[in-house]
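Keep in mind that this is a model prediction, so the values were computed, not measured. Lettering of chains follows the sequences in order, A, B, ..., and the numbering in each one begins at 1.
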Protein chains: 4
Amino acid sequence: MKKNKPKYKQIIDAAVIIIAENGYHQAQVSKIAKQAGVADGTIYLYFKNKEDILISLFEEKMGIFIDKINEVIAGKQKASEKLLVMVENHFKILSDDHQLAVVTQLELRQSNKELRLKINDVLKEYLQLVDEILLYGIETEEFSKDLDVRLARQMVFGTIDETVTTWVMNEEKYDLVALAPAVHKLLTNGCRGL
Amino acid sequence: MKKNKPKYKQIIDAAVIIIAENGYHQAQVSKIAKQAGVADGTIYLYFKNKEDILISLFEEKMGIFIDKINEVIAGKQKASEKLLVMVENHFKILSDDHQLAVVTQLELRQSNKELRLKINDVLKEYLQLVDEILLYGIETEEFSKDLDVRLARQMVFGTIDETVTTWVMNEEKYDLVALAPAVHKLLTNGCRGL
Amino acid sequence: MKKNKPKYKQIIDAAVIIIAENGYHQAQVSKIAKQAGVADGTIYLYFKNKEDILISLFEEKMGIFIDKINEVIAGKQKASEKLLVMVENHFKILSDDHQLAVVTQLELRQSNKELRLKINDVLKEYLQLVDEILLYGIETEEFSKDLDVRLARQMVFGTIDETVTTWVMNEEKYDLVALAPAVHKLLTNGCRGL
Amino acid sequence: MKKNKPKYKQIIDAAVIIIAENGYHQAQVSKIAKQAGVADGTIYLYFKNKEDILISLFEEKMGIFIDKINEVIAGKQKASEKLLVMVENHFKILSDDHQLAVVTQLELRQSNKELRLKINDVLKEYLQLVDEILLYGIETEEFSKDLDVRLARQMVFGTIDETVTTWVMNEEKYDLVALAPAVHKLLTNGCRGL
DNA sequence: CATGAATGAGTGTTCATTCAT
DNA sequence: GATGAATGAACACTCATTCAT
């Protein structure tokens, strides 16, 4: 399995650094190879092509993301609490990794439609987590029984994503994690119904 | 003033069509020129460079957008009503113009960071509209006096934007405008506080 | 019509020179462009791709070849005489143009199968000339009425081609045109039957 | 002697198969190694480089070729008969081995000039056989005493080669061996003189 | 004003060969 | 002897922009 070989992760980490530092369109394969400390050709022993590096990058990082969120959610009983730790951890992970934040919020979105569609596939797993929390909240009557889960999920993800993107675009000048409670309040209010 | 000459709008409209049909990365200047019925060089009599076409496109369309929203907002007394007609009209304008929806939600986001920052400048005017409604709602006590306007604005815009993008990515298979009341409810609940 | 513009021929002539001097596999587009005195991109205003340059080169030169042969053949009454002037002129044209000889006999044959099949299409016109002479000779009873025209054509072309290739490979050390009468005698003896 | 080790022939046979199936330019060393059932590096224990595989392939196969022709020639008394069995066997060997025919007539000719010059060296042995027959024919007065042996050899080889190549390019749709008598007649007529 | 021919910088990917194991 | 992971040089083609007419 190539994914477990050290060079696989080495190349992905190099890609994050290069894309964060140079931007998506200036992230040439040769730059990534140099940063990873391998020859250009070695990249192609681990990845089908350049696009495959970027998709794998997203999969790899999003996997860590989802594992972490899953873990903290499991530790909470109430849907509202689950939502809070989700927002907190979402903000925290990106706060702690400046390069990852820039790459996922700004750079990778410049990729072409095909790549973005594949990235969306990876995102679906995250969106399902949101759905699960919302359904659980409806079940426990924390959230309105009339809640349109699809729309609520779009509110939750749209709000979180917009908040992070704004923060990144403002050069991360303020404390993102500190915003979690207020964001969480907006979201639960939205879901609770009147 | 170049903006009032017929070829200015002719080129912008050609750009929307070409980008919608071919995608951002396949929208060459020569294609846009051909669609507009002018020579390649003529483009540069009206626009500084290719990026300038795209920014102008966004400004032009967003201007229409904001004018329309402004108009319908003015006709409503309550902040909640203003928010509803804003969502309704946002959805309606993009529902009515498939090409514009594809271009703004998917294609233009593939542009580089610099262009996206400039697009964000244009967006600010729209975000100010949202702010005004929110502040008005706080004033009229429709919304919580503790509402963090910046965060609430991010929720409003993030939710609307995510809803439209999801709809476009799902090939506009369902009625977007019909979702406006439910989305509106989520947002006002969020802003109202418990 | 691009074929009549000066740069079209300019690029083809540059290609002959570059291929003759550097060999097929070292004839980069940029070298050809430089030799032709145009920018790399200009090549692509006149040719679809690199392969198209080579096919066009062959068509262009073979056209001149066939026109010349056609002309001299027409001036002769007997099939045997026609064959002689064909051989003489075939040898003469390549004797007079060292670079063309190297390109057609050695370099262009290194091209891939697809290109060679297209080159063969162009050659067919020449082979038809040979066929016409042979059929004419059978009609005038100069050649055996039992002659298998297809095989005889392969003998004529195979012998001429092998003779020229050997001459080029021997660095053109001897007088190719002087061999025409002897070659002609071999061929007419072959066709005449016992 | 490496040539007698089993892997030597194994690799050459693999090369014939891979080149016949994929074409000269798609016959990578790694493909040949896989087909031969050895590691890439193993190739280089038996051959200096890729070119060396191809030259050895040609030598090996041409050796068999020449041995066979030598054998059948020795059994005939008259030069004309020797020529006939040469043509017959040349056609027969390639008729019986489709892959070898494709490789020698089409694929190997795409190799670069240097390789083709080395291949020509190997061919010389075959051409000497032709020369011997021609000289023997002159001696026995079957052929014209004025025959230019070099040119006649080019006719013999050029005709045979062109006939085989045309047959391969026509996807071997007709019976090549059946053409031998007619080709032989053309050649002996040519050599006999008036 | 309008044209469109010409420019030329920039990059992902392949594959013969090596060499540490 | 045998392996196969790693190497790194090499190149066709696109397209935003210019400028002579």
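Side-chain atoms of Asn22(A) and Gln28(A) include no donor-acceptor pair closer than 3.5 Å. Remark: the Gln35(C) side chain and the Asp13(C) side chain contain no N/O donor-acceptor pair separated by less than 3.5 Å.
Distances shown here put every side-chain N or O of Tyr44(D) at or beyond 4.0 Å from the OP1 or OP2 atom of dT3(F). The phosphate of dC13(F) (OP1 or OP2) has no side-chain N or O of Lys48(C) nearer than 4.0 angstrom. For Lys5(D) and dG1(F), the shortest distance from a side-chain N or O to OP1 or OP2 is below 4.0 Å. Contact annotation: Ser30(D) does not reach the phosphate of dC15(E) (side-chain N/O to OP1 or OP2, under 4.0 Å). In this model, the phosphate group of dA2(E) is approached by a side-chain N or O of Lys7(B) to a distance below 4.0 Å at OP1 or OP2.
The CG-P distance, from Asn49(B) to dC15(F), rounds to 17 Å in whole Å. Residue Ile43(B) contributes atom CD1, which lies 11 Å from atom C1' of dA16(F) at whole-angstrom precision. Remark: P of dG12(E) and CZ of Phe47(A) are 15 Å apart, rounded to the nearest angstrom. When the P atom of dC11(F) is taken as reference, atom CD1 of Ile32(C) falls 12 Å away, rounded to whole Å. When rounded to the nearest whole Å, the span between CD1 of Ile18(D) and P of dC15(E) equals 13 Å. As rounded to whole Å, 17 Å separates atom C1' of dT14(F) from atom NZ of Lys50(C). Atom-to-atom, CD1 of Ile53(C) to C1' of dC11(F) comes out at 13 Å; the value is rounded to the nearest Å. Here the C1' atom of nucleotide dC11(F) and the OH atom of Tyr24(C) are 14 Å apart, to the nearest Å.
Toward the 5′ end of DNA chain F lies the nearest nucleotide of Tyr46(D), the other residue of the pair Tyr46(D) and Gly41(C) mapping further downstream. Annotation: of the two residues near DNA chain E, Asp40(D) and Val29(A), the 5′-most nearest-nucleotide partner is Val29(A). Summary of the strand contacts: Ala39(A) and Gln28(C) both lie near DNA chain F, and taking for each the nucleotide with the nearest heavy atom, the more 5' one is attributed to Ala39(A). Both Ala27(A) and Val38(C) lie close to DNA chain E; mapped to their nearest nucleotides by heavy-atom distance, the more 5′-ward contact belongs to Val38(C).
Proximity note for Leu45(A) (side chain, C-beta onward) versus dT7(F), dA16(E), dA2(F): the nearest is dT7(F). Checked against dT3(F), dA12(F), dT7(F), the side chain of Thr42(D) finds its nearest nucleotide in dT3(F).
Between Tyr126(D) and Phe65(D), the ring-plane angle classifies as perpendicular under the 30° and 60° cut-offs.
Taking CD1 of Ile11(A) as the start and OH of Tyr44(A) as the end, the distance is 10.5 Å to the nearest 0.5 Å.
Under the Watson-Crick and G-U wobble criteria, each requiring two contacts below 3.5 Å, nucleotide dT21(F) is paired to dA2(E).
When all heavy atoms are compared, the tightest approach of Tyr24(C) to Glu107(C) is N-OE1, 2.8 Å.
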